[in-house]
Amino acid sequence: MARVRVQAAPFDVAAETRALTGGRTDIGAVVTFVGLCRDEGGTLAALELEHYPGMAEDEIRRVADEAQARWPLMGLTAIHRHGPIAPGEEIVLVIACSAHRAAAFAAAEFLMDFLKTRAPFWKKERRRDGRDGDWVDAREEDETVLARWSSRP
Amino acid sequence: MARVRVQAAPFDVAAETRALTGGRTDIGAVVTFVGLCRDEGGTLAALELEHYPGMAEDEIRRVADEAQARWPLMGLTAIHRHGPIAPGEEIVLVIACSAHRAAAFAAAEFLMDFLKTRAPFWKKERRRDGRDGDWVDAREEDETVLARWSSRP
Amino acid sequence: MKAVYFAWVRERIGRTDEDIAPPASVATVGDLIAWLSARGENYAFAFEKAGAIRAALDRKHVKHDAPIAGAREVAFFPPMTGG
Amino acid sequence: MKAVYFAWVRERIGRTDEDIAPPASVATVGDLIAWLSARGENYAFAFEKAGAIRAALDRKHVKHDAPIAGAREVAFFPPMTGG
């Protein structure tokens, strides 16, 4: 059963990793993805992450369940934050554990690819100069990368 | 320039991550791989990791340099331990940072794939019952997965 | 049924949620978008590019041709930008 | 030149390294394996499946047909199992 959380608070990657691997000796590979708030132009005060409570957790869990059905995982965690997140701060965490690295890499990337396009979160920019920021546009690339998962095991 | 180290001591994933991301706001994706010592049969006291001093660092750096040439990375760390490593303990760490996740995932997996087959490390099993353990055999699969990187960007 | 709105759909409509009672002729999510769009300029603005609007029924993604019968909650929002 | 051995190659030969002085007729890494194999049972055992042995010259991987001329250090070892 995957650990899925949607929360405003920061997460502790080391603690979340220990929660999956602690006391076990059958895990050979741990792949961790952390998504951070970027500020390309130096104009961003924060990203405001809006979400659809309830559905956000449900959608992430649906993707996590699919990852667990596809790969022989020994642990899977997905945490997504909401609320204001400053540049350099962490937004999303995925940890995938398996005996071997191929499954852990694939599951973590799969989870991120589908989370991006299916989990109901939206980013709005809060500008440093106080002017009204824009809603971040969805990247077309995020849709097109999904195709590869229909051909892979 | 990638951070490459070969050491007997454990590594601190959180500290190594901070060393790459701290104070920056241009990194959007951090992919971390940790390889752990597995004990499938419950018979293992430790893996003894032998290495070729000097060449081990050189080979990892060559692979890291190639990863940096292939993908737009904003940070890359590879640390490989040697000496005795108990089941559940960490053997290898790779951290790849980029603006977007695809490059970070690809670079981390590329580095691990080539490190596995090119970095001069050898694992010998130390058994709990004191009997002489075997040298771990190379997995053929580790050679075959390399082919995919010749067709990808 | 309850309608909920997110991101710029919410901002354009000017509310987070409301109870709605569409007539029986409103059968699908697409029908509902058309019906809501006729309720005022704010709705028409929110749904002006109907093809870009995503919808969920009872917290599951659906296409615009999905029937709304039996759903307790319908949600409208732009393409997701989480992760 | 200096020869260094690792893992079960080292164990079978029974030493970690040694200075060697092959004759001029020993031109390649493969020649060197054949020459070393004739030095004793321990070497013959270490190199019995010569195709499985990896080699490095001055800490760079090379194939068995690589010329050894000019190299200061040659290394022999099994396929790597790090990571």
Side-chain angles (χ1 to χ4, degrees), chain A residues 4 6 33-38 47-63 78-83 85 90-94 108-125 132-146, chain C residues 1-20 28-30 32-33 36-37 41-83:
Chain A
V4 172
V6 173
F33 175 85
V34 174
L36 302 165
C37 176
R38 283 191 309 134
L47 284 176
E48 184 75 39
L49 269 115
E50 180 170 338
H51 76 299
Y52 186 172
M55 183 173 167
E57 291 90 336
D58 288 352
E59 278 298 316
I60 296 173
R61 183 165 296 285
R62 278 191 271 272
V63 180
I79 302 175
H80 202 301
R81 294 178 65 196
H82 60 83
I85 297 180
E90 298 163 341
I91 298 172
V92 62
L93 168 68
V94 167
E109 195 164 14
F110 172 90
L111 212 160
M112 281 306 306
D113 280 359
F114 279 90
L115 183 154
K116 273 264 173 188
T117 54
R118 280 177 25 184
F121 290 86
W122 302 272
K123 294 185 181 118
K124 188 173 190 176
E125 296 171 349
D132 216 32
D134 293 323
W135 289 94
V136 173
D137 280 328
R139 299 169 75 211
E140 254 185 59
E141 190 190 321
D142 284 335
E143 287 285 346
T144 55
V145 297
L146 299 184
Chain C
M1 68 196 306
K2 186 179 178 187
V4 296
Y5 311 116
F6 294 98
W8 52 255
V9 173
R10 170 181 55 71
E11 287 183 339
R12 290 181 179 190
I13 291 176
R15 54 178 56 172
T16 59
D17 61 276
E18 63 186 319
D19 288 316
I20 56 171
T28 68
V29 167
L32 190 52
I33 289 175
L36 284 166
S37 296
E41 276 185 17
N42 53 335
Y43 290 95
F45 182 37
F47 293 117
E48 66 180 356
K49 290 178 186 165
I53 302 295
R54 305 297 179 93
L57 287 176
D58 293 331
R59 302 182 178 181
K60 286 190 178 166
H61 292 294
V62 294
K63 299 194 170 175
H64 287 197
D65 61 0
I68 61 170
R72 286 158 300 172
E73 184 170 293
V74 60
F76 293 107
F77 42 78
M80 282 74 79
T81 55

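Just so we're on the same page: letters track the sequence lines, and every chain starts at 1.
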Parallel, tilted or perpendicular: ring planes of C/Phe6 versus A/Trp122, cut at 30 and 60 degrees: parallel

Intermediate values then yes/no, side chain to side chain contact (heavy atoms under 4.5 Å, CB included), A/Phe121 and C/Thr81: CA-CA 6 Å; A/Phe121 290 86; C/Thr81 55; over 6 Å; no

Segment of A/Lys123 engaging chain C (4.5 angstrom heavy-atom cut-off): both

Sorted by number, residues from residues 57-66 of chain C in contact with chain A (heavy atoms, under 4.5 Å): C/Arg59, C/Lys60, C/His61

Contact origin within A/His51 toward chain C - heavy atom pairs under 4.5 Å: backbone

A/Asp142 portion near chain C, given a 4.5 angstrom heavy-atom threshold: neither

Which of A/Arg139, A/His82, A/Lys124, A/Met112 touches chain C most, by non-hydrogen pairs under 4.5 Å: A/Lys124

Heavy-atom closest contact (C/Ala7 atom, A/Trp135 atom, distance): CA-CH2, 3.3 Å

A/Arg81 versus chain C, the contacting section by heavy-atom distance below 4.5 Å: neither

Segment of A/Glu59 engaging chain C (4.5 angstrom heavy-atom cut-off): side chain

Positions in residues 9-19 of chain C that reach chain A, provided some heavy atom is under 4.5 Å away: C/Arg10, C/Glu11

Check: A/His80 side chain, C/Gly82 main-chain N or O, donor-acceptor pair, under 3.5 Å: no

